[in-house]
Amino acid sequence: MSQNLRVKSSNFIDETSRISFKFNGKTYYGFKGDTLASALLANNVHLVGRSFKYHRPRGIMTSGSEEPNAIVQVGNDKAITEPNVRATEVEIYNGLEAKSQNCWPSVNFDIGGINNFLSPLLPAGFYYKTFMWPASFWEKYEIAIRHSAGLGRSPTKPDTDIYEHRYIHCDVLVIGAGISGIMAAKSAAQNNLNTLLLDEKNELGGTTIYQNSDNFKIDNKISSEWLNDEIEELKKLDNLEIKTRTSVAAYHGYNYLLARENLTDHQSKDEKVNKVRQRLLKIRAKKVIIATGSLERPLVFNNNDRPGIMLSSAVKKYADYYGVICGKKNIFFTNNDTAYESAISLYKKGINVHCVIDIRENSNSSIVKEAQDLGIKIYWSHTVVDTHGYKKLKQISIMELSKDGQSFANSNKTVLDCDCLGIAGGWTPAVHLFTQSGGKLKFREKDQVFIPNIYPSKQISIGSCNGDFELDEIIKNTSDTLKDFLEIDNSDYDNLTVKTTKETSKKNIWLLPSDKFIGKTKPFVDYQNDATAKDIKLALREGFRSIEHVKRYTTTGMGTDQGKLGNMHALGIIADTTGVKMGEVGTTTFRPPYTPLTFGTIVGRNVGEYFDIFRRTPMNDWHINNNAEFENVGQWKRAWYYPRGNESMHEAVQRESKATRESAGILDASTLGKIDIQGSDASEFLNRVYTNAWSKLGIGKCRYGLMLNEDGMVYDDGVTTRLGENHYIMTTTTGGAANVMSKLEDYLQTEWPELDVYLTSVTDHFATATIGGPNSKKILNKLIPNLDLSDENFPHMSFKKVKIGKINCRIMRISFTGELSYEINVQANYGKSLWEQCIDAGKEFNITPYGTETMHLLRAEKGFIIVGQDTDGTMTPIDLQMDWVVSKKKYDFIGKRSLYRSDTMREDRKQMVGLLTDDSNTILEEGAQIVSEFNQNPVQMLGHVTSSYFSPNLNKSIALAVVKGGKDMMGKKLFIPMEDKTINVTVVDPVFLDKENKRLNA
Amino acid sequence: MFLINCPYCGERDQSEFIAGGEAHIERPKQPTELSDDEWAEYLFMRKNIKGIQFERWNHAHGCRKWFNMIRDTSNDEIKLIYKMGEKPPKG
Amino acid sequence: MKNKYSIFSLIKNAFSYHENWQKAWNDPQPKKEYDAVIVGGGGHGLATAYYLAKKHNMKNIAVVEKGWIGGGNTGRNTTIIRSNYLWDASAGLYDHALKIWEGLSQELNYNVMFSQRGVMNLAHNLQDVRDLKRRTHANRLNGIDAVYLSTEEVKNFCPIINTSPDIRYPVLGGTLQRRAGTARHDAVAWGYARGADEMGVDIIQNCEVKGIKRNGDNVEGIETTKGFIKTKKVGVVAAGHSSVIANMAGLRLPLESKPLQALVSEPVKPIIDTVVMSNAVHAYVSQSDKGELVIGAGTDDYVSYSQKGSHQIVEGTLNAILELYPIFSRMRMLRQWGGIVDICPDASPILSKTSVKGLYFNCGWGTGGFKATPGSGDLFAHTIANDEPHKLNAAFNLNRFVSGDLVDEHGAAAVAH
Amino acid sequence: MLNYTSPIKELKKYTGLTVGEISPLMKLNLRGKSRDFLTAIGKNINIILPIEANTSSSSENYTAIWLSPDEWMVVSNNIDSKDNNDYEIEELLFNKISKTNLGSVTNVTDQLVMINLSGEKIFDLLSTGCPFDFNDFKSKKGSSTQTLLAQIDVIIHHNKINSVNLFVRRSFSEHLMSWINDSASRL
């Protein structure tokens, strides 16, 4: 393809750097600086995609991020292909591959195009009215509907790119680097404010930077030159960070904004190796200046969607910025002066401009005069009533409007040849970010725009996003606003001379009349979703009144452009049809993000191993080296079991359990929460948080405690040791540690500030090795020969502070397995060594490391509960048959009052029991439900199995369960109905082993 | 994301804080004296105000201190922050 | 009689360019007095009115809505429908709803697009496995279809899930309820509105309740922005704003209204054809018929009526989504929004009489009310008409917060989506 | 004899950034509200606890970091011995403060790992995962803060120009180091 559609006048395209890319499998060439859209247009490719519903051929409509039609699939690779990318935003690079989407077999011949002919059957909301017969068939219809819907295709392999986050705190954030944004950034940075300037484009300067007309001058310089000089000066400033290709996605409260910085999407495969693809900027700005400009509106008329119909500003940008000629026979269709700028600019480049069709009756503005003087024909009071050409615009039909603009002056229809129609429906301020932040808009009647009214935070909108459209207005208002907002006295922009053109006549018709009955026309309001003006009218006819209803019923504004082009027309058509004033129809809510934001960018590095924090104990390396399998417990990685050779989990656990009861086992208990408690009211504090009494616990003694929620339900448990008169160390469950700590702090700070108590977490300070089993005393004796381990000196539930070598240790003689057991706590950095020495010392006793699974089994044999496994937030201590740990004497403790409510006092609550299976080899499934009778419908469930194991020490299956009224069911036969069989069980005491606690003192 | 002025540490990002619900619900000094209804009132019933709400926040990832906040729940505007134990302003 | 909707009526209307469709519902001014007024024109409120008219022959009734019908949580939720709840009371309630869903399009003559594509819940730690098994057994015995799946079966049912054992929280198994699925949220509100309107119910939009008039312990009527409406029965179905209405009547409720966020991606061709929920890592995803990935995020921990939540919640959710579906990394978030969800301490709803005679509350659905819409409406209508709860909603009374007889669904789902 | 194993083994160098653990360093958590408490600390270890938020104070041997209005952390300036874990001032302060009910003294030496970051890119690294505004912090020596880094609770102390110390709970340190290394590799 030759580049015969270029004009040689662009400063922004590097014609020495030719770039090859593929579109729909065919190779094309463009230049560095081109977008995919500009390069395709330069290659005379207008047909780019198909619409969502009717599969109508669509081309390039805009030159920016508001593009509804030209959306493509970029890349072939299954991991990095990307759907729904706007061709107007893709900067081309060597090797770029893109293709049309939502068409089959090809964009040129798309079977789905049949929908266009079926369109009479597919009005807004048709799917609510049909596909209901036969009743069971919806899901079959749905398959077909789903396959014809959707746009591009999701990748099917994991992304290989890297994304990152960055927090930025600045004094002033300027969004948009058009003329007013540049003025703002320069004013802020010059005044020692730490400033961040962002723009979604790859260049600064917005639309002014390619405004080369004599009609627009600042300080006697052509506006683009003036701005260029400003930018050069701006770049020299210190306090300023500039980021291009950076789109602000969301504006949250408290001036917290999210922006996507695109770092490599414009680069070829080789250039982007090992680079971060996109960065999510999390910005907290003291002040925000929104200078996001405005979006040109299309005009709504019959068949206003054909490839070749473009926004007039886009036609101009393609010519001025990219040097691309969009059509050989160009016509502009307008309701304002904008189109004349485009027409003149094209004309001066020698590009054919056939005529301008203007719905206004006349205009005497200077720019219109200039066009007339250049000999450009103008059809005043005319409108386009239809367009022709299937895959590319060929002709348009125009008619003269009646005075009121709702019908025609006569029945004469003129057909004009044209392959590019630039439409100009006026400008809509880009107030999206402003409204996202909570800002309230007002409607300006004179030019029918919504503009910022009430600001919810320290922010200001300037330039055309604030409704200032003419150059002199922009400069003056921006300068004044900045001085006030930034609290500065002088501005570079006071008293600038500005030359501009002034629009003198306005006329707006949201839905232009057609010579055909509206039911036969297709005046598109939302291009991508194929929502037309008649769909909106249908919705209103059917009683939908709210803009949100109309939007949802017709899907207007629900496409990937989120209504950037069509929302105003939808509002206008509703206002016109219902006779309500436009300002009173209200606006739809603009929701974040402003432009679609890649999931990967939001997630950043929180992927893979960084998805969630992992916590490891000091002994972790030993566990890994000894073949441990790990269990996730909260964020902790805990050793689960240690398989030897080909052992299954069951085999390993059986071996570990047996070894521990027969000789000795060792458990890494470092993960248990540990809270150091000091202060003169420490005992009183424990009295209030635990269900049992603490004042009389001797120094050096340990006690088990149960903690409730205020609702009386078991919350956490653990052993607390009295280290001194006013000094305790509390242990909590592994998973509950953080919550317990914060709950206790809460009570101390807010309910009981009078208590003199200090809590400090020391969970990580200590490594804990628990040695249990009949030989544990011998092992400990080897380790610390000078410690008297006699029951007299060191009884069960007591504590010793000792040294191993020169290292201080704390040893608690406590037991969660029912075995004689010592919990050795040492400063964490000595933990690994402690563990290894215990293993060494225990070698002759076959000391066996065991993990959480064996721990669970061993404690279940003793009927000890695990909070969270045997409880579920609905169990009181009474339900757990743990009355012994609930003080009757204490006046109050957390949760006490709740134990005396009618429901918590019921005798037939679910209560903790043991279960034995009739067949001692059958292991119950944890979670299995328990019944007493089958012949009920529905079956009444009495409770469920909470813990279940095969006990190698008892050589039978055992289980803990909660059963309605279980306390009084000892010996009763119950049933466990599984899917394929029923298991018979007997209710027993939950303590299966060593009821007399002989082993504790073995 | 709120910017919360911790009365001890200064302005910090919301992610450093946890919210603790309605403020000034004092735990009854003598729970056993209360009827079930009164106890339920303390335990569960909340004003859940749309508008100016008094609530508790904790600088969990900073100084760990609890404090009070007055916030308009209809637009999330923080009106005032004051320390735990201080009396709420009138009006 | 309204136009009946069908392919034939579509064809017929196509010939007249769809100019002759009737209003789906009218836009009346309030009458001076009604036999009952429903406050809140969301799915639950409209369904309540529909069943009051249809099953209890109460036709002189109105629904008042401060904005537009279906504009609250009905139009903001991620449309997951399931009934695999743990406790008998919940299972009864939600399965009652599910059974109505199964014939709802036909009943309303409005395609609510109930799609029984199945809902899968994933387990990521050993306690999850126990909890999900417990729930599956309970479901089965309650006559609710539910099966437990191994990791491999999870993978087979939804091949794009990352079931590698090497991820941070590997998928250890899951449950599947095949009768569960999704529906089109707007259609539910609109379908009920059309059905209720046809039976004579006044649907009054842009009508905000400003006060509840009591005469001693009896309701006398409501003050609204469109004037006073006299009525002896007021059913409040105001979701996030329930406490606000309760305060007008001098009541307090055990509710906190918190922001709940959701988001959709840009539409793509079908890639996931079921609903997958993961409580432990907090990721809920399905794909709409339009092709958007519909993703539910979690609630913030503070009360807010701003319909906005914090970014960290959305970020956390997407972290989990990419952990389980790394292929979605390059998908793009199209739209993100928030709703106000009224959360009960036990994560179960309130469908109850109150201490004020004639004042009824249907609230506390938290993050999971959409699925219950038809059942909730039916049972609440029963409660209002008879001044007595139906046996299926008897457990969901207000007194449970006094007695302690909660229906605690936390154990089964950290967030009961 | 028990051997000492610190969780972080290597010193890592990146463009503009060096990352490594410094250990063993005694760390004490001090809590107290009264003037007597402050006086007792000053008298016994010759350091004035800072009462201004987000600051620290130093003596020859110790640095005291403000954590909250009634909480401080005192860290050794010099490396302690690995062969024993008797810390001179721990017992002294425990006796003078805790036993007299002036406040609490808790040894958190191994609760927290101290990672030193040095080089001119420290704040670039921190900005990739920390919501804290370092603009003022950067310019002040001795400034300190508690915040989140990569969602992990950290205490950050600006001990000298182009150097900060990060304190993190030991069990999180491996994860945090891995995250730092990952992020630093792209500086």
Side-chain angles (χ1 to χ4, degrees), chain A residues 82-84 120-121 123 126-132 135 139 142 145-146 149-159 519 538 541-543 546 548-549 552 560 591-593 596-600 602-603 606-607 611-612 632 872-874 901-904 925-929 938-939 941 944, chain C residues 5-7 10-11 14 17-19 21 23-25 27 68 71 105-106 110-111 115-116 125-127 130 133-134 137-138 141-143 168-169 186-187 266-271 289-291 311 315 318-319 322-323 326-337 403-405 408 410-411:
Chain A
E82 193 170 20
N84 309 339
L121 291 179
F126 72 97
Y127 30 77
Y128 298 124
K129 294 178 176 145
T130 182
F131 305 122
M132 288 179 281
E139 275 137 30
E142 192 183 30
I145 289 170
R146 292 188 67 195
L151 290 166
R153 291 185 188 281
S154 162
T156 50
K157 292 219 160 126
D159 198 350
L538 171 64
R541 205 150 50 233
E542 292 194 82
S546 152
E548 286 289 346
H549 275 163
R552 284 158 181 261
T560 61
R591 288 169 167 152
L597 186 57
T598 304
F599 286 0
I602 298 170
V603 170
N606 301 329
V607 289
F611 165 60
D612 193 21
N632 286 312
D872 60 358
T874 68
R901 294 177 296 172
S902 61
D903 191 71
T904 37
E925 185 167 286
E926 288 169 349
Q929 297 287 335
V939 185
M941 288 171 264
H944 72 285
Chain C
Y5 290 162
S6 70
I7 183 70
L10 261 179
I11 292 169
Y17 304 102
H18 302 287
E19 290 281 316
W21 289 106
K23 279 187 178 161
W25 57 83
D27 200 10
W68 35 283
S105 293
Q106 287 70 35
Y110 206 94
N111 189 357
S115 168
Q116 292 182 292
N125 59 51
L126 298 174
Q127 191 55 40
R130 289 181 199 108
K133 283 187 173 167
R134 175 185 176 192
H137 287 300
L141 295 173
N142 268 323
R168 181 66 185 86
Y169 295 106
D186 291 333
E266 293 182 327
V268 288
K269 295 290 175 192
I271 182 82
D289 287 343
K290 199 178 169 196
H311 171 70
E315 183 177 311
L318 286 173
N319 292 348
L322 293 201
E323 170 80 347
I327 66 166
F328 289 156
S329 170
R330 293 176 100 87
M331 293 290 291
R332 288 191 299 244
M333 175 163 88
L334 177 61
R335 196 163 62 240
Q336 171 208 334
W337 65 92
S403 70
D405 189 13
D408 195 337
H410 286 299

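Labels below follow one simple rule: chain letters A, B, ... track the order of the sequence lines, proteins then strands, and each chain is numbered from 1.
How far CD of Gln929(A) is from CG of Leu141(C): 6.5 Å, rounded to the nearest 0.5 Å. Separation of atoms CG (Leu10(C)) and CZ (Phe126(A)) is listed at 8.5 Å; rounding is to 0.5 Å. Summarising the geometry, atom CG belonging to Asn606(A) is positioned 10.5 Å from atom CG belonging to Leu318(C); distances are rounded to the nearest 0.5 Å. Rounded to the nearest 0.5 angstrom, Leu597(A) CG and Arg335(C) CZ are separated by 14.5 Å. Distance check: Thr156(A) OG1 to Phe328(C) CZ gives 11.0 Å after rounding to the nearest 0.5 Å.
With a 4.5 Å cut-off on non-hydrogen atoms, Leu334(C) touches chain A through its backbone and its side chain both. For His549(A), the parts sitting under 4.5 Å from any heavy atom of chain C are the backbone and the side chain alike. For Thr874(A), the part lying near chain C is the side chain, with the backbone staying farther off; criterion is any non-hydrogen pair under 4.5 Å. Using a 4.5 Å cut-off between heavy atoms, Asp405(C) contacts chain A through both its backbone and its side chain. In this structure, the portion of Glu925(A) lying under 4.5 Å from any heavy atom of chain C is its side chain and not its backbone. Only the side chain of Leu538(A) has a heavy atom closer than 4.5 Å to any heavy atom of chain C. Of the two parts of Ser546(A), only the side chain, counted from C-beta on, holds a non-hydrogen atom closer than 4.5 Å to a non-hydrogen atom of chain C.
The shortest distance between side-chain heavy atoms of Pro83(A) and Met331(C) falls below 4.5 Å. Taking the side chain as every heavy atom from C-beta outward, Glu323(C) and Asp612(A) never approach each other to under 4.5 Å.
Heavy-atom pairs under 4.5 Å with chain A peak, among Gly143(C), Pro326(C), Ser115(C), Ser6(C), at Ser115(C). In terms of heavy-atom pairs under 4.5 angstrom with chain A, the leader among Lys133(C), Gln336(C), Arg130(C) is Arg130(C). Of the listed residues (Asn142(C), Asp289(C), Ile11(C)), the greatest number of heavy-atom pairs within a distance under 4.5 Å of chain A belongs to Asp289(C). By number of non-hydrogen pairs under 4.5 angstrom with chain A, the leading residue of Gly404(C), Gly291(C), Ser105(C), Ser403(C) is Ser403(C). When Arg330(C), Met333(C), His18(C) are compared by the number of non-hydrogen pairs under 4.5 Å with chain A, Arg330(C) comes out ahead. Looking only at heavy-atom pairs under 4.5 Å with chain C, the residue among Asn632(A), Val939(A), Ile145(A) that has the most is Asn632(A). Taking Arg541(A), Glu548(A), Glu926(A) one by one and counting their heavy-atom pairs under 4.5 Å with chain C, the maximum is reached by Arg541(A).
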Yes or no on side-chain contact (heavy atoms from CB on, under 4.5 Å) for Ile327(C) and Ser154(A), after CA distance, side-chain angles and deciding distance?
CA-CA 8 Å; Ile327(C) 66 166; Ser154(A) 162; 4.2 Å; yes
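Relative orientation of the Tyr110(C) and Tyr128(A) rings is parallel, given thresholds of 30° and 60° on the angle between their planes.
A donor-acceptor distance shorter than 3.5 angstrom exists from the side chain of Gln106(C) to the backbone of Met132(A), with no hydrogens or angles considered. Under the 3.5 Å distance criterion, the side-chain polar atoms of Glu139(A) are matched with a main-chain donor or acceptor of Gln116(C). Proximity of a side-chain donor or acceptor of Asp27(C) to a complementary backbone N or O of Gly543(A) within less than 3.5 Å is not detected. In terms of modelled atom types and a separation under 3.5 Å, the side chain of Asn111(C) and the main chain of Tyr127(A) share a donor-acceptor contact. A donor-acceptor contact shorter than 3.5 Å is absent between the side chain of Arg332(C) and the backbone of Glu82(A). Of the possible polar contacts, one joining the Asn84(A) side chain to the Pro267(C) backbone as a donor-acceptor pair under 3.5 Å is found. Of the possible donor and acceptor atoms, none in the side chain of Arg153(A) sits under 3.5 Å from a partner among the backbone N and O of Ile271(C).
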